[in-house]
Amino acid sequence: MRRTVSRIRKRIDMPSQDPAERRRNFQEVALGYSPEEAVEEASRCIHCPKQPCVAGCPVEIDIPSFLKLIAEEKFGEAAAKIKEKNSLPAICGRVCPQENQCEGVCTLGKRGEPIAIGALERFAADWERLNAAEQKLPEAGKQEGKVAVVGSGPAGLTVAAELARMGYEVTVFEALHVPGGVLSYGIPEFRLPKDIVRHEIEYVQSLGVKLLTNVVVGRTITVDQLFDEGYDAIFIGAGAGLPHFLNIPGENLNGVFSANEFLTRVNLMKAYEFPEYDTPVKLGKKVIVVGAGNTAMDAARNALRLGSEVTIVYRRSRQEMPARLAEIHHAEEEGIEFRLLTNPIRIIGEDGWVKAMECIRMELGEPDQSGRRRPVPVPGSEFVLECDSVIIAVGQSPNPILTKNLPGLEMTKWGTVVVDPETMQTSIPGIFAGGDIISGGTTVIEAMGDGKKAARGISAYLQQKARV
Amino acid sequence: MYRIVDKRELADKITLFVLDAPLVAANARPGQFVILRVDEQGERIPLTIASTEGGKVTIVVQEVGKTTAHLRSKEIGDALADVAGPLGTPAHIEKLGTVVCVAGGVGTAIIYPEAKAFKEAGNKVITLMGARNKSLLFFTDELAQVSDRIIYATDDGSFGHHGFVTDLLQQLIDEGTTIDLVVAIGPIPMMRATCELTKKYGIKTVVSLNPVMVDGTGMCGACRVTVGGETKFCCTDGPEFDGHLVDFDELAARNCQYVDKERLSYSMYEEKRGCGGRCHG
Ligand SMILES: Cc1cc2nc3c(=O)[nH]c(=O)nc-3n(C[C@H](O)[C@H](O)[C@H](O)COP(=O)(O)OP(=O)(O)OC[C@H]3O[C@@H](n4cnc5c(N)ncnc54)[C@H](O)[C@@H]3O)c2cc1C
Ligand code: FES
């Protein structure tokens with residue numbers, strides 16, 4: 001294939017559902033490359049010697065090699081190459097913020113557009129799944145040691161997959177009735193179809209991982225009981241599930257939800273198929289979503305699909321919005337209104353139900369600890385926005401249900417668990433942790449990176465334990 | 001899957017189930033609950049654990065909507081999709097002296113394990129049991145067994161005192177009974193009335209709240225209640241709280257959020273069963 005310079009500079013756009021169409025359905029927005037498009041896009045890689053993309057990937061996927069395999073139309077081998085490092089490629093290809101990672105440091109990006117690594121990862125994984133072309137990874141010999149994993153989000157699934165591949169006996173305990181963590185209850189169907197999540201979890205199970213749902217560790221079974229039952233090490237990947245509220249008047253009015261509640265009702269419990277599914281969700285005509293992270297975008301776009309008009313209210317400016325770039329674009333295309341530099345100060349009710357929200361305008365002041373410019377209220381700029389539902393998506397922190405009953409576990413003042421950054425071991429020997437429970441909330445791939453490190457840490461711990 | 005190993009009708013539209021759920025049974029303590037789903041399309045609903053024995057968990061369910069109706073239609077040998085628990089903070093049981101248990105409606109099932117635990121901890125237990133009418137009273141023998149004294153009231157006078165359980169409580173107070181703790185569990189108006197009364201006399205009162213829940217693990221905040229001016233998550237901070245601090249108005253309002261949807265779902269279910277809701281109970 002002859003490549004002109006302009007061709008190298010521009011990437012092949014991934015087709016997506018038309019905004020006017022998709023804003024009213026729950027089907028996947030991004031449609032994925034065709035094989036021809038994938039080959040053409042992968043061929044743009046110049047195979048630069050420094051391979052910055054590999055270092056930019058928290059799980060160090062051998063990106064140039066899998067791109068080369070796609071360019072050579074060896075799609076199944078490309079998928080197998082990715083899976084050497086990443087057990088959940090169809091998921092990561094869809095939800096990673098590639099613009100800050102592999103694609104952000106791609107050499108091509110200096111002169112033009114970086115290679116669409118995420119889209120190609122997704123393509124390889126989807127091709128493998130749709131063609132039932134899964135290649136078996138080499139099996140390791142059996143290792144002494146039994147590991148319990150708490151939580152089946154990306155962190156827990158990764159630790160489990162890695163340890164199982166090393167030959168350890170692993171059981172994952174999940175509090176909810178469905179595994180996957182945020183992948184199942186948080187991220188919507190139209191961005192990450194649940195069939196795909198299910199398929200990748202089944203792959204992890206196929207590696208020999210046992211998975212038990214409906215087990216709330218700390219309540220159903222305690223950590224001490226797990227050790228008593230013969231588990232040699234425990235990994236805590238319980239995420240950051242505790243939703244924050246704004247602590248403003250009116251927050252307990254009917255019609256105010258945390259994003260977690262709203263998303264759980266819709267994504268996990270399938271409230272959009274009520275009454276075929278029993279769980280309802282009640283949304284008014286005008287919905288305000290507070291916040292501008294991935295959670296806020298997901299909540300807003302779900303609300304839109306349920307037929308509401310949606311406004312996002314965010315106290316900082318566009319540059320500070322933490323959501324993935326693609327999701328912000330998609331939200332805008334679908335007709336979600338953004339009210340930036342706006343902060344809610346009160347929710348106004350009538351007969352117990354939300355009726356409006358009082359806000360104040362903000363302006364950006366000096367940078368704060370996070371390096372982002374701190375928003376400060378403009379005196380006298382209060383105004384009222386009418387609405388009949390409010391969804392609060394202003395962050396979350398670890399759920400203390402498990403950690404509060406673990407005396408001796410070192411925690412930060414933000415409620416996150418302290419670990420050794422190399423081994424991921426906590427202050428209690430034999431207990432490891434990773435993912436949102438140590439970070440307070442980052443990304444799927446960071447959680448997976450933690451899981452990988454923890455698997456190595458746990459393996460080293462078990463080897464040492466076996467020796468003494 | 002969680003198999004139903006026993007089923008018993010206790011009263012009008014109130015059914016007891018014994019479920020095979022060994023992990024839940026192993027760690028359950030009085031005051032805790034399970035979240036269950038009947039089937040794959042089902043919603044997650046909280047139900048208090050009435051008792052446990054050898055890997056089995058007993059729950060009592062009153063039919064109030066589609067999910068509870070669907071659950072009541074299940075028979076011995078059938079399986080439920082999910083049973084997760086025990087959830088919630090266990091009741092605080094200690095030796096105090098005299099504990100009065102005020103039970104209303106299906107709250108009777110919830111109060112039973114607590115009355116039993118308070119009795120076992122060495123307290124004198126007085127149980128006041130109320131229902132709309134005689135046909136709705138259940139667990140009378142069980143509660144009598146763990147109570148030093150038990151008094152009944154029905155709204156229509158069909159059994160025991162003609163009136164409310166709060167009348168009985170007032171009588172106890174008037175008789176000069178020293179009461180160290182009141183535990184009131186039942187419909188919101190009953191718990192509210194009990195708290196109003198005990199507040200006047202400065203008697204510590206614990207209530208068990210029943211807000212709408214989704215996950216039951218502290219992850220969604222659907223169950224938030226205001227206690228002492230602070231927002232609490234009932235599923236993890238509760239379900240039991242100091243009744244004198246609970247904002248019952250807010251709780252009552254929040255519990256109405258889904259009535260229309262629940263009604264729709266219930267009537268569709270009834271229609272599907274083709275009985276218009278008259279042929280069972
Ligand atoms: C709505 C939303 C959208 C997001 N979008 C993106 C995105 O596009 N891209 C991206 O990279 N990141 C995104 N994130 C962030 C990302 O999902 C998280 O960083 C990641 O899922 C963290 O993984 P985890 O394994 O640490 O925890 P989680 O995914 O939270 O999983 C934790 C699991 O542990 C279970 N658990 C908790 N306590 C217990 C217990 N005591 N016993 C048993 N099980 C327990 C929970 O039920 C849950 O299943 C998003 C987050 C949200 C909420
Ligand atoms: S039910 Fe979700 S937090 Fe309590």
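Each chain gets a letter, A, B and so on, in the order its sequence line appears, and its residues count up from 1.
Counting heavy-atom pairs closer than 4.5 Å to chain A, the top residue among B:Val83, B:Thr67, B:Thr226 is B:Val83. In terms of heavy-atom pairs under 4.5 angstrom with chain A, the leader among B:Arg44, B:Lys66, B:Glu40, B:Arg29 is B:Arg44. For the set B:Val225, B:Asp247, B:Leu87, B:Asp249, the entry with the most heavy-atom pairs within less than 4.5 Å of chain A is B:Leu87.
Residue A:Leu263 does not touch chain B at all, counting heavy-atom pairs closer than 4.5 Å. B:Ala26 does not touch chain A: none of its heavy atoms, backbone or side chain, sits under 4.5 Å away. For chain B, no part of A:Lys270 is nearby; none of its heavy atoms comes within less than 4.5 Å. Of the two parts of A:Phe274, only the side chain, counted from C-beta on, holds a non-hydrogen atom closer than 4.5 Å to a non-hydrogen atom of chain B. The parts of B:Arg254 that come within reach of chain A are both its backbone and its side chain, each placing non-hydrogen atoms under 4.5 angstrom from that chain. No part of B:Tyr269 comes within reach of chain A, as not one of its non-hydrogen atoms sits under 4.5 angstrom from that chain. At a 4.5 Å heavy-atom cutoff, A:Glu273 makes no contact with chain B through either its backbone or its side chain. Residue contact with chain B, scored on non-hydrogen atoms closer than 4.5 Å, involves the backbone and the side chain of A:Val256 alike. Of the atoms belonging to B:Lys261, heavy atoms from both backbone and side chain fall under 4.5 Å from chain A. Looking at A:Thr220, the atoms closer than 4.5 Å to chain B (heavy atoms on both sides) sit in the backbone and in the side chain alike.
Inter-residue side-chain proximity for B:Thr89 and B:Asp237 is flagged as unmet; no heavy-atom pair is nearer than 4.5 Å. Within the 4.5 Å cutoff, the side chain of B:Val18 has no heavy atoms near those of the B:Ile4 side chain. For the pair A:Trp353 and B:Gln257, the minimum side-chain heavy-atom distance is below 4.5 Å.
The cationic atom of A:Lys146 (NZ for Lys, CZ for Arg) lies less than 6.0 Å from the six-membered ring centre of A:Tyr231 and within 45° of the ring axis.
Within residues 387-402 of chain A, the residues having any heavy atom less than 4.5 Å from a heavy atom of chain B are, in residue-number order, A:Asn399, A:Ile401.
Ion pair B:Asp20/B:Lys56 flagged as a salt bridge, since at least one NZ, NE, NH1 or NH2 atom sits closer than 4.0 Å to an Asp/Glu carboxylate oxygen. Salt-bridge check for B:Asp260 with B:Arg263: failed, with every basic side-chain N at 4.0 Å or more from each acidic carboxylate O. The pair B:Glu230-B:Lys232 counts as a salt bridge, with a side-chain nitrogen and a carboxylate oxygen less than 4.0 angstrom apart. We find that B:Glu63 and B:Arg72 are joined by a salt bridge, their nearest charged nitrogen and carboxylate oxygen being less than 4.0 Å apart.
B:Cys235 is linked by a side chain to side chain contact (heavy atoms under 4.5 Å, CB included) to B:Phe33, B:Met213, B:Cys223, counting only residues two or more places apart in sequence or in another chain. Evaluation of the ring-ring contact (aromatic ring centres under 6.0 Å, His included) rule for B:Phe233 yields no partner, not counting sequence neighbours. Listed by chain and number, the residues in a side chain to side chain donor-acceptor pair (under 3.5 Å) with B:Lys7 are B:Glu75 (sequence neighbours excluded).
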